[in-house]
Amino acid sequence: MAAAAAAASAFAPVPSLRLKPTYSTLRFLSLYPRPTTLVPQSKPPPLSFTPFLPRRRRSFCTLVAAALQSGGTKPEISETWKTETRAGEFRKKLKVVDIKGGPDEGLDRLGQTLAVTGWVRTFRVQSSVTFIEVNDGSCLSNMQCVLGSDAEGYDQVESGSITNGASIWVQGVIATSQGSKQKVELKVNKIVVIGKSDPSYPIQKKRVSREFLRTKAHLRPRTNTFGAVARVRNALAYATHKFFQENGFVWVSSPIITSSDCEGAGEQFCVTTLIPSSREVSDSPVDGIPKTKDGRIDWSQDFFGKPAFLTVSGQLNAETYATALSDVYIFGPTFRAENSNTARHLAEFWMIEPELAFADLNDDMACATAYLQYVVRHVLDNCKEDMDFFNTWIEKGIIDRLSNVAEKDFVQLTYTDAVELLLRAKKKFEFPVKWGCDLQSEHERYLTEEAFSGCPVIVRDYPKEIKAFYMRQNDDGKTVAAMDMLVPRVGELIGGSQREERLEKLEDRLDELKLNKDSYWWYLDLRRYGSVPHAGFGLGFERLVQFATGIENIRDVIPFPRTPGSSEF
């Protein structure tokens, strides 16, 4: 809390900008040099954005300055701002979180004159006063703006220009709020409508379903739920990089287009230029695709000279850099052409994939545990307001659940023991359990939610028949050094393994699965030239966001979901 207060204080308006009071807030917001001459206007309309300097791109704040200018008074401008060729100093814009995010929730700013920009969430006019709730996305809280008929720009209220969804600029004095929902409010002395909102704006004060909001994915971030999801997602991404960077990992970018199938499942999106281009792709004739003499597609004429696909994983690429840099991680988009219309599957999603050299399965499990506990603590410590929202409206008890994950030791058991435990369970599963079966979500959730009372569970040493070719074979000849981390509500969150570093064993496994070894020539080379034991895991980032927020449908934790039959926005 002290850190938040310090951050809020650090971004307070700087008094040494050498501007007269009327213009202090505008200069605080400016990201570019101020023009040397302001042309006086007489009573300009609020959105009369008169250019000050010809042939020069104007910043947003310059436009606002034009709208607010009244009379012939000019701001005092220092000599250093008179050179048009200089870029202005970047300054962080004051946001609602800077005002209300501290331990005093804004009480430390009483009496300060500040300006806020944002979008109107609610708007109500009473006999002598008007209340406008403004949100700029920086936090869950709105800034309650209170204005009377004497406020400059009040005619915009009377004309109906201010409605839900409109973007506005408001300036006023921070005062103690008379309401119980907030400690402070903004007593407005000046207001400007930046962008009007059409009456058809679909996000009004009444609650709407998440299914409906998926059809309005371009507007749903303006709701409380999706704004909070976006901020928690951002915090998890930041914590991910922070964890790996602090532990000596190097971030590596893996290719999105590849000719290798990491999982061997064949559920990949093909990338090709063989479909003839035209003004309308849908008009491309099928017989325009080049073919060989035997009637097959002639891939030699394609862009890459052979079939290429969107990647399902960056793991194989991560292994190449781990055998040079020791510890690396990948954080990027991946794609699966799996025709699954479920609450757990996406066609495009993000993966976190660390790879550790000179490491075995035990090292891999320790890394996965430390990572999950780190990012969960980060969210609990830095997203308190949003987590309180999720705890109240999405999943009651989510804060306690996450706190248990951050504090408790994880349970570890073998696949064989897990199957025996499931067979003894006094519960009827939809999918029967037997040794050799792939555990389903209902089995995973039973283990972590019921068998071990909400504690995360790591299941290790799976049958090799249900796991990928690259996993290291155990000495029993039946299992591989693989692990899955199971968590409450989600089931499998992390999947990892020790990789097969023995060339002969890896070649035999490729032959056994009838995979073309020529396609993996470079991957096999890693076993020829200085092979080392290494391990890693993959974490679907959207499932992590689900786990941290309690949101049930994975389509609601990614900005623009890609699913079968849907690629809108």
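Fair warning: this is a prediction, and the values are worked out from it, not measured in the lab.
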Exam field: side chain Gln440 to backbone Phe431, donor-acceptor pair closer than 3.5 Å: no
Pair Asp364 + Arg499, salt bridge at N-O below 4.0 Å: no
Passing candidate, side chain to side chain donor-acceptor pair (under 3.5 Å) with Arg121, options Asn224, Asn164, Thr223: Asn224
Where Leu219 and Ile203 come nearest, the two heavy atoms and their spacing: O-CD1, 3.2 Å
Parallel, tilted or perpendicular: rings of Trp393 and Phe389 (30°, 60°): tilted
Residue pair Leu236 / Val545, side-chain heavy-atom distance below 4.5 Å: yes
Arg233/Glu542 ion pair, N-O < 4.0 Å: yes
Beyond-backbone contact of Asn135 with Arg222, side-chain heavy atoms, under 4.5 angstrom: no
Audit row: Leu274, Gln301, side chain to side chain contact (heavy atoms under 4.5 Å, CB included) steps and yes/no: CA-CA 7 Å; Leu274 290 181; Gln301 295 189 44; 4.2 Å; yes
Minimum heavy-atom distance Ser197-Gly165, with the two atoms named: CB-C, 3.5 Å
Please tabulate, for side-chain N and O atoms in residues 558-569, each donor-acceptor pair with protein atoms closer than 3.5 Å (sequence neighbours left out).
{"residue": "Arg562", "atom": "NH1", "partner": "Glu568", "partner atom": "O", "Å": "2.6"}
{"residue": "Arg562", "atom": "NH2", "partner": "Glu568", "partner atom": "O", "Å": "3.4"}
{"residue": "Arg562", "atom": "NH2", "partner": "Phe569", "partner atom": "O", "Å": "2.9"}

Carboxylate-amine/guanidinium contact Asp98 Lys92, below 4.0 Å: yes
The single option from Tyr238, Tyr374, Phe331 passing ring pair (Phe, Tyr, Trp, His ring centres under 6.0 Å) against Phe243: Tyr374
Ring centres under 6.0 angstrom apart (Phe335, Phe309): no
Aromatic ring proximity Tyr523/Tyr470, centre distance under 6.0 Å: no
Closest non-hydrogen atom pair, Leu380 against Ser403: CD1-OG, 3.7 Å
Tyr371 and Phe244: CA distance, side-chain angles, deciding distance, ring pair (Phe, Tyr, Trp, His ring centres under 6.0 Å) verdict: CA-CA 8 Å; Tyr371 165 77; Phe244 288 115; 5.4 Å; yes
Minimum heavy-atom distance between Cys139 and Glu385, given as atom pair plus value: CB-OE1, 3.5 Å
Minimum-distance pair of heavy atoms, taken over all atoms of Val120 and Phe123: CG1-CB, 4.0 Å
Thr163 and Pro199, any side-chain heavy atoms less than 4.5 Å apart: no
Closest heavy-atom pair and its distance - Tyr329, Gln245: OH-NE2, 3.0 Å
